[in-house]
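Worth knowing before you read on, the calculation uses all heavy atoms, side chains too, and leaves out hydrogens, waters and symmetry mates. Just so you know, ligand 1 is whichever comes first in the structure, and atom 1 is the first atom listed for that ligand.
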Amino acid sequence: MDLPKRAGDAPLAVELEEGKRYSWCTCGLSENQPFCDGKHRGSGMEPKMMIAEKSGTHYLCTCKLTGNPGFCDGSHKN
Ligand code: FES
């Protein structure tokens, strides 16, 4: 299987808490998008650890094409 797998065609709006760590799924296999659920194991890919800089709604990438890992940069439209 070619990875990363496209896990969605639009970002997911999620509430993040300032200073809290999150693991963003880079492989696209997680069933808990946009976060890692461990399904990357054995794929050679690892989740991207991110710390929220501020609390509030953030739009996280599901297409896995973003140039700003974790955050939607509009690449899903390409
Ligand atoms: S399940 Fe995709 S990076 Fe962990």
Side-chain angles (χ1 to χ4, degrees):
M1 177 188 306
D2 289 337
L3 294 176
K5 176 186 162 203
R6 190 176 178 105
D9 294 324
L12 283 173
V14 296
E15 295 298 315
L16 301 183
E17 193 177 316
E18 182 178 340
K20 194 170 170 188
R21 287 168 54 96
Y22 298 90
S23 59
W24 176 69
C25 171
T26 60
C27 71
L29 299 175
S30 174
E31 292 175 15
N32 185 35
Q33 293 294 328
F35 303 111
C36 173
D37 71 354
K39 290 211 171 44
H40 64 272
R41 289 195 189 102
S43 72
M45 299 189 76
E46 294 291 331
K48 161 83 174 161
M49 301 309 293
M50 14 183 320
I51 298 176
E53 294 181 0
K54 62 180 181 180
S55 294
T57 304
H58 293 71
Y59 294 88
L60 300 189
C61 171
T62 62
C63 74
K64 312 305 177 187
L65 299 174
T66 182
N68 182 21
F71 300 96
C72 176
D73 70 353
S75 293
H76 61 277
K77 296 175 188 164
N78 298 338

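- The 12-atom threshold is not exceeded at OH of Tyr59, counting heavy atoms of other residues, nucleotides or ligands nearer than 6.0 Å.
- Across all non-hydrogen atoms, the minimal contact from Pro11 to His76 is CD-CE1, 3.6 Å.
- Contact check for Leu60 versus Met50: side-chain heavy atoms found under the 4.5 Å cut-off.
- A distance-only check finds a donor-acceptor pair linking the side chain of Ser55 to the backbone of Glu18 [under 3.5 Å].
- Summarising the geometry of Thr57 relative to Ala13, their closest heavy-atom pair is CG2-CB, 4.0 Å, with the distance given to 0.1 Å.
- A heavy-atom cutoff of 4.0 Å around ligand 1 is satisfied by the protein residues Cys25, Thr26, Cys27, Ser30, Cys36, Asp37, Gly38, Lys39, His40, Pro47.
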List the steps and the verdict of side chain to side chain donor-acceptor pair (under 3.5 Å) for Ser30 and Asn32. CA-CA 5 Å; Ser30 174; Asn32 185 35; 5.4 Å; no
